[in-house]
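Chain letters run A, B, ... following the sequence lines, proteins first and then strands; every chain starts at 1. Note that the coordinates shown come from a computational prediction; the quantities given were computed from them, not determined experimentally.
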Amino acid sequence: MHRAPRGTADILPEQQRFWEFARTALAAAAQSFGYARIDTPIFEDAALFARAVGEETDVVQKEMYRFLDRGGQEVTLRPEGTAAVCRAYIEHGMQNLPLPVRLYYVCPMFRYDRPQAGRFRQFHQFGVEAIGDSDAAVDLEVLQLAAASMERLGLGEMTLALNSIGDAEDRPRYAAALREHFRPHLAHLGQDDRRRFETNPLRLLDSKELADESFTASAPRSADYLGDAARAHWEELLGSLDALGVPYRLDHTLVRGLDYYTRTVFEVHPAREGGQSAVCAGGRYDGLIAEIGGRPTPGIGFAAGIERLILNMREQGAEPPDAAAAPLVAAYRGARAKTEAARLAARVRSATGAPVVVAPERSLKGQLRYASAVGARGVFILGDAELERGAVAYRDMATGEQQEVPVEQAEDAARRSQA
RNA sequence: GUGGGCGUGGUCGAGGGGUUAAGACGCCAGGUUGUGGCCCUGGAGAUCGAGGGUUCGAUUCCCUCCGCUCACCCCA
């Protein structure tokens, strides 16, 4: 028996109302901030993500789906959205648009992880990118949009964790300070952490093993190692957040697993504790576009995991409306009426736009039962008697009222019961 | 990659070394001659995840594998 591949999921009809609602609400949030939708391919040249996300990151080293296509090109299923959007920004000369360019997307992403609650190999992200302006006002806007997105979904009790990791030029000084701090404890560190000590000491900060240890809490803070420009930017951002009363929590251990981040980094967590809690995360990436071949261009954005958002919606008891309208059913008795039922169904569909299905071939009783089971609003009944008269019976399933009308007026009968 | 939990009809879920392997929901049919939702009756549907071992006998005990799931790592 075939199953959906590990880490993938069928989104079944009964779940679609959550997805419809989430996609619509998130798009509305983005659009209300002036963001326009963009879609990029599901796969890209492998080199794009390796370069943008960073060769040393877990995402690139062990989570990317990479393969050779039939032409011998190495491609990768996109593990995240930012690099692809930046590639499109460069490729289509968007620097000629009024800056910043504001874009959003809702797309599937792929990472070869071990699945668990809120984590899948194919998952979906809502993301936004504001490219071409380094002003702290844009950081503020993106943070506001993140908060607004959660609100649109009805998710309360979210906390915004915030940090600044400075510019690329500031990084070596800070990395050196971190190494200095952790060096005495090298013996306590595991294999992975020792490698990180060399390659990317920032990552030691969110090692959960070390989290309780006082030497993580007492580690030097990136925000204390900012260069003048990054510091001014950071202070302006905090000032405007305070001025607008946007709640946030400073978290100096917050660093991100993707190498392209600079300055502002943030995560949004639900109040509930637990693994995979980050429901939305992002930051500034002022070096990324130059890194992948564009002119030096600043940018900032975030991504939110739709599955995780829906998980939280369910936990909070959200009940999104069911978008699917109740259908009409065309029932019949006899071979000739069966054909007429199909004709009637077609006619009512195009006249009203309402969903109409022809009943399966069963006893009339069976057809009515079927209509009830699928939640039909009303049923047309065609039999020899009705055909003789060029008429059709229409039964309102909620009230049980039934009347006979000329076939040409069938759609009117349906409309009446709708009101 | 590592560790824990779990695998019985479509779903949920009893059971237990020898049974026709419960029950519920769902599905199909019927409850007279053309009419639903409730109710009643009947029916279809399970090699009890796979392979091996112990045993006279295993779905039940043991081992391995596979799958699902949760957690670690990391991430949305």
Side-chain angles (χ1 to χ4, degrees), chain A residues 1-7 9 12 14 26 53 56-64 79-82 106-127 146 149 190-193 195-196 200 203 206-211 255-258 266-270 274-283 301-312 329 331-334 337 359-387 393-402 404:
Chain A
M1 171 184 163
H2 291 288
R3 298 167 174 271
R6 186 164 169 73
L12 300 173
E14 67 262 27
L26 293 169
V53 174
E56 286 301 317
T57 60
D58 280 9
V59 168
V60 170
Q61 292 221 313
K62 46 184 219 192
E63 294 174 8
M64 285 206 315
E80 61 103 49
T82 301
V106 182
C107 298
M109 305 290 168
F110 305 84
R111 290 185 202 173
Y112 189 83
D113 262 1
R114 289 287 294 270
Q116 65 189 78
R119 176 198 289 161
F120 307 89
R121 289 183 174 178
Q122 176 177 340
F123 60 102
H124 298 75
Q125 284 187 337
F126 161 68
S149 302
Q191 192 85 50
D192 288 342
D193 284 338
R195 210 193 72 235
R196 289 194 197 102
N200 191 354
R203 300 234 53 85
D206 59 13
S207 164
K208 289 207 176 85
E209 255 185 339
L210 279 48
V255 296
R256 304 284 310 142
L258 282 55
F266 64 95
E267 292 181 353
V268 177
H269 298 262
Q276 280 74 54
S277 61
V279 89
C280 169
F302 68 77
I306 312 264
E307 286 84 353
R308 290 183 188 182
L309 291 171
I310 290 178
L311 205 61
N312 279 279
V329 169
Y332 52 87
R333 193 159 176 280
E361 185 162 313
R362 295 176 187 167
S363 65
L364 191 58
K365 175 189 201 151
Q367 295 183 40
L368 268 288
R369 257 186 193 156
Y370 171 83
S372 275
V374 300
R377 195 174 83 227
V379 178
F380 296 105
I381 301 170
L382 279 165
D384 293 330
E386 287 81 4
L387 287 179
Y394 177 78
R395 182 178 184 79
D396 183 302
M397 294 299 275
T399 65
E401 286 169 27
Q402 186 168 324
E404 190 170 304

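Within the 4.0 angstrom heavy-atom criterion, base atoms lie near A:R114. Residue-level contact check: A:G400 touches the bases, meaning some heavy atom is under 4.0 Å from a base atom. The residue A:F120 sits close to a base: some heavy atom pair falls under 4.0 Å. Among the atoms of the strands shown, only primed sugar atoms or phosphate atoms (P, OP1, OP2) are found under 4.0 Å from some heavy atom of A:A281. Using a 4.0 Å heavy-atom distance criterion, A:A385 is classed as a base contact.
With a 6.0 Å radius and a threshold of 12 heavy atoms from other residues, nucleotides or ligands, A:E14 has its CD atom above the threshold.
Per the geometry, CZ belonging to A:F123 stands 17 Å off P belonging to B:C74, to the nearest Å. Following rounding to the nearest Å, A:E401 (CD) and B:G36 (P) show an atom-to-atom distance of 17 Å. Look at CD on A:E14: it is 13 Å from P on B:U11, rounded to the nearest Å. Between the NZ atom of A:K62 and the P atom of B:U2 there is a distance of 12 Å, given to the nearest Å. Rounded to a whole Å, the CD atom of A:E63 is 9 Å from the C1' atom of B:C73. When rounded to the nearest whole Å, the span between CD of A:Q61 and C1' of B:C73 equals 13 Å. Between the C1' atom of B:G34 and the CG atom of A:L364 lies a distance of 5 Å, rounded to the nearest Å. When rounded to the nearest whole Å, the span between OH of A:Y370 and P of B:G36 equals 17 Å.
Note on A:Q116: a side-chain N or O is less than 4.0 Å away from OP1 or OP2 of B:C72. Proximity of A:S363 to the phosphate of B:U35: no side-chain N or O atom is located under 4.0 Å from OP1 or OP2. Between A:R111 and the phosphate of B:C74, there is no side-chain N or O to OP1/OP2 separation shorter than 4.0 Å.
With B:U35, B:C68, B:C27 as the choices, the nucleotide that has an atom nearest any side-chain atom of A:R6 turns out to be B:C68. Minimum atom distance to the side chain of A:R395 is reached by B:U35, of the listed B:G67, B:U35, B:C74.
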- Dot-bracket encoding per residue of RNA chain B, Watson-Crick/G-U cut-off under 3.5 Å, | denoting interstrand: (((((((..(((.....[....))).(((((.......))))).....(((((..]....))))))))))))....
- Task: Begin from the C-alpha positions of A:V106 and A:Q125 and carry the test side-chain contact (heavy atoms from CB on, under 4.5 Å) through to its verdict.
- Result: CA-CA 6 Å; A:V106 182; A:Q125 284 187 337; over 6 Å; no
- Item | Residues A:R362, A:R369; criterion side-chain contact (heavy atoms from CB on, under 4.5 Å); working and verdict | CA-CA 10 Å; A:R362 295 176 187 167; A:R369 257 186 193 156; 6.0 Å; no
- Task: Mind running side-chain contact (heavy atoms from CB on, under 4.5 Å) on A:E307 and A:F120 for me, showing each step along the way?
- Result: CA-CA 9 Å; A:E307 286 84 353; A:F120 307 89; 3.6 Å; yes
- Query: How far apart are the C-alpha atoms of A:T82 and A:L258, what are their side-chain angles, what is the distance that settles it, and do they pass the side-chain contact (heavy atoms from CB on, under 4.5 Å) test?
  - Reply: CA-CA 11 Å; A:T82 301; A:L258 282 55; over 6 Å; no
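The cationic atom of A:R121 (NZ for Lys, CZ for Arg) lies less than 6.0 Å from the six-membered ring centre of A:Y112 and within 45° of the ring axis.
Spacing of C1' atoms, B:G5 relative to B:G9, comes out at 24 Å, to the nearest Å. One C1' atom belongs to B:G13, the other to B:C48, and the distance between them is 13 Å to the nearest Å. Taking atom C1' on both B:G10 and B:C27, the two are 9 Å apart, rounded to the nearest angstrom. To the nearest whole angstrom, the two P atoms, one in B:C40 and one in B:G23, are 15 Å apart. Spacing of P atoms, B:G36 relative to B:G30, comes out at 12 Å, to the nearest Å. Rounded to whole Å, the P atom of B:U64 lies 23 Å from the corresponding atom of B:U69. Remark: the separation of the P atoms in B:G34 and B:A50 is 49 Å, to the nearest Å. Nucleotides B:G37 and B:U32 place their P atoms 13 Å apart, quoted to the nearest Å.
Projected onto RNA chain B by closest heavy-atom contact, A:K365 and A:E307 fall at different nucleotides, the more 5' of which corresponds to A:K365. In terms of position along RNA chain B, the nucleotide closest to A:A371 lies nearer the 5' end than the nucleotide closest to the other residue of the pair A:A371 and A:E267.
Judged by atom type and distance alone, A:S372 reaches the base of B:G36 through a side-chain donor-acceptor pair under 3.5 Å. A donor and an acceptor atom sit less than 3.5 Å apart, one in the side chain of A:E386 and one in the base of B:G34. In the interface, the side chain of A:Q402 is paired with the base of B:U35 through a donor and an acceptor atom under 3.5 Å apart.
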Distances for protein N/O vs nucleotides 40-51 of chain B N/O pairs under 3.5 angstrom?
none

